[in-house]
Structures are given as structure tokens and as C-alpha cells.
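Taking it in order: structure first as C-alpha cells, then the write-up.
Note that the coordinates shown come from a computational prediction; the quantities given were computed from them, not determined experimentally.
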Amino acid sequence: MSVEQDQRPGLVARLAGRAPDADLHALLDTVDPSTLDGPELAAFVRARFAVHNRAEAQLLAGLRELGMATEDAEGRPRRLPSSDEFSGDEVAAVLGCARTTASRRLELAEDLFCRLPVLGEALWSGTLDEPKVRAISEGVADLSEDHARLAVAEVLPEAAGMPVMALRERLSEVVVAIDPDWAERRRKRAEARGRVGLVCNPSGTETLSLADAPAADGIASMARVEALAAQVRGQGVLIPINQLRLQVGTRLLDGSTAGMTDDDLVALLAAEYHALQRPDDPDDPDDPDDGGPDHGPDDRPDNGPDGGGPDDGGPVDGPHESGPEDDSADDEADDEADGEADGEADDEAGHETGSGRHDLELSVPAPGSPDAQGAVDLPGLPGVPGLSGEPEQEPERRDGRLRHGTVEVRLRLSTALGLDEHPASVPGYGAVTAAVARDLVHARHHGEWRVVLVDGDGHLHHVLLARSRPAGPRTRGRAPGATRTGAIVELQVPTTLLAALNPYDHPPWAPLLAELRQRVAALQRDGALGTPPDAGSGPDQWRRRRPGAEADRWTRARDRHCVVPWCRRAAHRAEIDHTRDHGRGGPTVTWNLGAWCTHDHRVKHLAGWHVRQPIPGWFVIRTRAGLIYTTGPPRILRSLPAPSPADRPRPLPDDGWPDHATDSEHLDDWRRRFTATVGGRTTRPASTPPVDHALGDPPPF
């Protein structure tokens, strides 16, 4: 992201490049912000923030010295070698805050001035602000000192131009890449200590948590809650979406819906909501037109610029836009549905187990029909049995809508093949280890598999929708009546690496690799490799309000997330918007489309923003304050540090739980005793390890 500076003489020029020292502080004290225009206000705020960050660095230095201050026997001031457990008491007494809060600030001070001095320097100079410095410090807290400094050196050059959430995501993948084995051991130990907790809040509410759940299970559980909540919202339930998700989650757990299918649960919650509504009650807190006390600006259902809700697909760009065209026969060749493609992949899987070349079926499956497009999108909501009285019918399939409940897994093809242990990412959740990523991919064998080819700089080169699937164990089937959610598997691969991979070296993946090589070769022959799918489209396509499925997929793969620089909403959860409005002659082509989250889409239309896309994927946004932000397509493949293991396995961080044995030994012991019990054998192991009550409840067997 870049911010265009106003080059005219005046305050902007006077503040540009100034160090956040006493002179700048004195200059800012003479400025009345109420007299400034937008660019001057932006320069003023940035300068004030830099001064604030230097003051924060000075404060942290003072707190650290206070925590180490002591006196000798004669009452002369001395310093301890470092902070200790009682340092927080000194700080808490001076600041009048809780000891826990004081200790957290002391920990940050110790990190900045001892362990990671480069971060302290960045805060002092104003290069980084306190939220970013704290995010980096917390992100490397578990690492050894050498690995922590390596991770900081990797992210520091780009940290200033990244929002905090993006910085956390980047740092998490760097941490995993530095020592994949250590990261995997840390994950397994945390899973071994998974627990459920209930905490009473001061407000009288409760916080129910499932801590340290396996990543795959936690992601799938949240996706199911999200999908169910979206279906309930589709039945006209207008309470805030987070409250709706809470209702779904608690009803799934409290036993009140035991034996119900997901459709039954949707019907029940919708019926309860509508039964309690009083349309003529002016104090109805859930009435979006009421403006009652429970609906602040961020709590009202977000209806988008043209009246569509965030869970109904949302309008795109104008009053009638919602998603890509469903009837585009032009997209047939590359828009097969997961139902047909998955069935073909299953047939091929039966022939892929041999080790010789003659045992492998390498033919490219035929494309699916146009009617199959969008099969991995969440279904429409025609009417829930028991609520609307409408008969059950096959849900309508709609392309390009917001994919609530969809899990998207992004990983390198080389990682999926087991050639490296690079971390993957799940948008909305963060980085996951390679082992977890491969499990997530296998569990989404039925989903939409995108192969994103990248150029030498890691940017989008081409997008292919895979027709084949690798052979492998099939995952647990869905329970009867379970909500059908989408799944997206994005395999990232440099175009040059794809050409170098030999399908016969990876038998389970051979059909997919062979398919991709054949299709890339065909694209090269036709001169179409690296060009958007609508590069040769004409006025007929431009006049359509909705993009075709291929153009929709290309746009989302290119933009990665909402195009607003400080927003991280994943592209599959965003709306496709025309940069130049379709109603004003804007064509429906990728160079005039972008991914916008519902909120920022509303801002664009209702807050007076002006947006240009001078180069495909590059957006110039002028806000209502007159500030200009320029952002380009993010890299799909970003550099990662090479693994840096030690001579012996690095110790795991102290998490407050004693380690009397390795995690695998604990788990194996529990499994052995469980197997002996359910198998009818009552003999116990010769020696039973003592129960450590510090671990909480002892094992049940």
C-alpha cells in the first residue's frame, strides 16, 4: 500500500521526513487541526503518531528501569540485573493498574531493549507503531532468541506498510517456516492439552471456549456454525450475525436440538424468531428500521449499498448485481462442478495405486456441463420444510456469492506433494503447519480445486480449475441432513516448477499433474497462458451485469482479499464490484472488477469514495477526506526463510503445564488403557504413572 503525499508547499512539506523529536513535538503544538484539510490532517496525524510512538518507547524504557530499581544496604540506588517477578508490583503501584497489565508492559519492554533491540529502535524512530511492535513481540514470544531475531529480520522491511492483522498472518507463516519440526511438536503438545472452559464475565454472561482444539476440527466446526447461521439469516432472521452464530453454536451443544438435522435446526431457530417478533411494536430491538438501543452502527444488519444483506449474496455494484452469470456457456470448458469432477476423480483413483507407468490413468477428464457451474457455492435457500410450507427441492446453485461456511485452504503444490514443509494458510484463521494443511486438503477432496500459477515474482500468472483429484483416503461422510458447505483448495505453483514436475514421481497425484501439464501446454500453444479468461471477450460479455465464473475466480485469486489496503476479508467472503459502475457504462471484465467486502463496498458507494483501476488489479482510492491510497495485487507466493533447525530438537516454550513425559507417551498411555478397557481386558499396566493434579482432571481411565 502506498499513500500519495500532497506535494504543495505548506504543512505537508514541513512535516515530511521529520524525526519524531522535541522540535517536531513543538511544531505540532502550534498547529490547530480544526483548520487543516484532508492531506494536511493526514500528515498531522502521522507526525503525531510518530511522536506518540517515541514517547511510548521512552515510557517502556522508564518502566523497565523502574522494575529493576533497588537500593543497597546504605540506601544508595542500584539496579537489578533484569526484571523479576516483583518488578510488576513497582510498575502497578506507579501506574495504578493491575499487576498483570504492568507485567505485560514490562515483558514488552524487556523484549524491545534486550531480546529484540531492532524492534525497540523501530519504535523509537517512529518506523513502527506500538500495536505493530507488540504484535511482532507476541508472535515470536515462543521462539528461541536466534529464531526470534531471524523472524523479525524477515518481516521488518515490510511491516511498516502492512496492517496489523496482515502482519500477524505474515509473521505466523515465517515462524512455522523457520523450524517446521518445532512448530509441529508445539501443535501436537497443545492439542494434547485441549480443554473446554467456562468463565463467568462481570456482565453476568459466560464465555464458553474450546481451547487448543485441533486446527482441522476447529476450522470445520466454525465453518458449520457460520453456514447454519447464514441459512437462518436467509429465512428473514435479522438479529446481528454474531449473535446468530452464538445461538447456533449453543443450540448444537446444549442438547436441545439432539436428533435434529441441520434443516430442522434452521427451521426451529427461524420459527422461534418469527414467533417472537411484533411488527407493530415500536420498541422491537431487532427491527432494523427501529434504531433501538441494541442496534449501534456496527450491529445493524449490513444491507450493502443497494439493499442486499451480507448473508444473502449481497448486491454487486448496483441495485441488481449479485454474482457472476449462471448461464455463461463460454465458461463451460473450465467450470466443471465438483460433483462430476469428483466422480471422475473417484473413478481414476481406483487405477492410481500401481507403481508402474502402465498402472496410471493419465487422461484429462472432459469438462462438466454449464448447469454444473457453482456447485461448490453454498446452496440457495428455497424454503425450509416446516417453516414456509414449501416442498423440499434441490437447492438453487448460484455462482459468485458470498461463501459463508466455506473453508479455503491455500498451500503450495510442492507442500501438498510432500516435497517441503512450508506452512499453508486458511483465510480468516491464519497459518497452519504442512501436516495440518495436507489433512485439510484430503478432507476437502470434493471441493473446488484451483491451481494458481504464479510468475517469478510470485504474482498471479494463470488460474486453472482442476478436473482430477489425487488418490487418497476418503474422509468421514457428512451426517444426514448436514448443511452442505463449499470448500476451496488453492494449489500455488510457479509455472516453471509445474513444467519440471514428473507425474510418475508422484503416483497418487499423477492424473492431476498430467492434466495440468497438458492444459498449460495447450494454453502456451494458443498464446493464452497468462491472459485473463475474458481477454478476448466482446461487447456482449461487457454488457452483462455479472461476470462469468472464470472471470469471477480470476478476480478473487488476483485480489486475495478485499482490495481496501487495511481490510483482510478473504476474497471468497467478498463481493465482486465494478470499479466503474456498470450502470454508468462500466464493462464486466476483470480489469474493471475487484473484490470488496460488504462494509467497504457500502463505503465506496455511500461515503463518496472515488476508485480507479488504471492497471488490472491496481486500485487508486480517493476517500471523502481527499486522501489517496494506491494498492496493487498482493503476492500469492511470498518468500520464506529456509528452515533453521538446531543440532538437537529445540525445547518447547513453557506454557505453565508440567512435562513429565513426552506428549506422544501421554497419548499412547491413554490409548493403551482405553483399548484394554473397551476390549474386555481388565489388566492394567505394570506401573501406573502418578497423577499430577496440577494438570487438572486426571485421565478418565
Side-chain angles (χ1 to χ4, degrees), residues 163-165 168 196-211 213 217-254 256-257 262 265-266 268-274 276-277 284-304 307-314 378 381 401-408 426-430 483 485-486 561-562 564 566-570 572-575 596-603:
V164 174
M165 183 55 69
R168 290 184 184 274
V196 176
L198 186 66
V199 178
C200 180
N201 301 319
S203 62
T205 60
E206 305 291 332
T207 297
L208 175 64
S209 63
L210 284 74
D217 294 344
I219 291 170
S221 299
M222 185 61 195
R224 184 175 180 225
V225 168
E226 198 174 61
L228 283 168
Q231 290 214 20
V232 177
R233 170 61 65 83
Q235 297 301 319
V237 177
L238 299 180
I239 63 176
I241 191 63
N242 281 331
Q243 292 184 19
L244 190 51
R245 290 170 184 154
L246 175 64
Q247 286 190 18
V248 170
T250 53
R251 295 300 282 272
L252 287 172
L253 290 174
D254 65 9
S256 62
T257 59
D262 288 351
L265 175 60
V266 170
L268 174 65
L269 291 178
E272 289 178 348
Y273 170 81
H274 290 293
L276 293 174
Q277 290 305 99
D284 178 9
D286 289 326
D287 186 351
D289 298 322
D290 185 337
D294 292 337
H295 278 284
D298 296 327
D299 290 331
R300 291 190 302 271
D302 193 352
N303 292 326
D311 296 291
D312 65 2
L378 283 178
L381 301 168
R401 307 279 179 138
L402 301 179
R403 296 190 176 194
H404 293 279
T406 292
V407 175
E408 181 178 359
V426 178
Y429 299 92
T483 297
T485 61
H561 48 72
C562 175
V564 174
W566 48 89
C567 182
R568 301 297 296 175
R569 179 59 61 95
H572 77 266
R573 296 286 305 277
E575 299 166 356
W596 291 72
C597 75
T598 301
H599 172 78
D600 290 325
H601 192 181
R602 294 180 69 243
V603 175

Sub-4.5 Å side-chain heavy-atom contact between [X] and [Y]:
X: Leu269; Y: Leu228; result: no
X: Thr250; Y: Leu252; result: no
X: Met165; Y: Arg568; result: yes
X: Leu238; Y: Tyr273; result: yes
X: Val266; Y: Gln235; result: yes
X: Arg245; Y: Met222; result: yes

**Message:** I'd like to know if Arg224 pairs up with Asp262 as an ion pair, taking the criterion as any Lys NZ or Arg NE/NH1/NH2 lying under 4.0 Å from an Asp or Glu carboxylate oxygen.
**Reply:** yes
First locate atom [atom1] of [X], then atom [atom2] of [Y], and finally report the distance between them rounded to the nearest 0.5 Å.
X: Ser221; Y: Leu210; atom1: OG; atom2: CG; result: 7.5 Å
X: Arg573; Y: Cys562; atom1: CZ; atom2: SG; result: 12.5 Å
X: Gln247; Y: Leu268; atom1: CD; atom2: CG; result: 10.0 Å
X: Glu575; Y: Asp600; atom1: CD; atom2: CG; result: 10.5 Å

Looking at every non-hydrogen atom in both residues, tell me the closest pair between [X] and [Y] and how far apart they are.
X: Cys567; Y: His561; value: O-ND1, 3.5 Å
X: Leu244; Y: Ala229; value: CD2-O, 3.3 Å
X: Tyr429; Y: Ala223; value: OH-N, 4.2 Å

**Message:** Can you list everything that forms a side-chain hydrogen bond (donor to acceptor under 3.5 Å, both in side chains) with Asn201? Sequence neighbours excluded, please.
**Reply:**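 Thr205, Thr207.
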**Item:** Residue list, side chain to side chain contact (heavy atoms under 4.5 Å, CB included) with Ala570, at least two apart or on another chain
**Value:** Pro427, His572
**Message:** Please enumerate all residues that pass side chain to side chain contact (heavy atoms under 4.5 Å, CB included) together with Leu253, with sequence neighbours excluded.
**Reply:**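 Only Leu208 meet the side chain to side chain contact (heavy atoms under 4.5 Å, CB included) criterion with Leu253.
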**Message:** Assess the residue pair Glu226 and Arg233 against the criterion (salt bridge (charged side-chain N to carboxylate O under 4.0 Å, His left out)); give the C-alpha distance rounded to whole Å, side-chain angles, the decisive distance to 0.1 Å, and a yes or no.
**Reply:** CA-CA 10 Å; Glu226 198 174 61; Arg233 170 61 65 83; over 6 Å; no
**Asked** Does a donor on one side chain sit under 3.5 Å from an acceptor on the other, for Thr257 and Arg251?
**Response**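 Distance-only check fails for Thr257 and Arg251.
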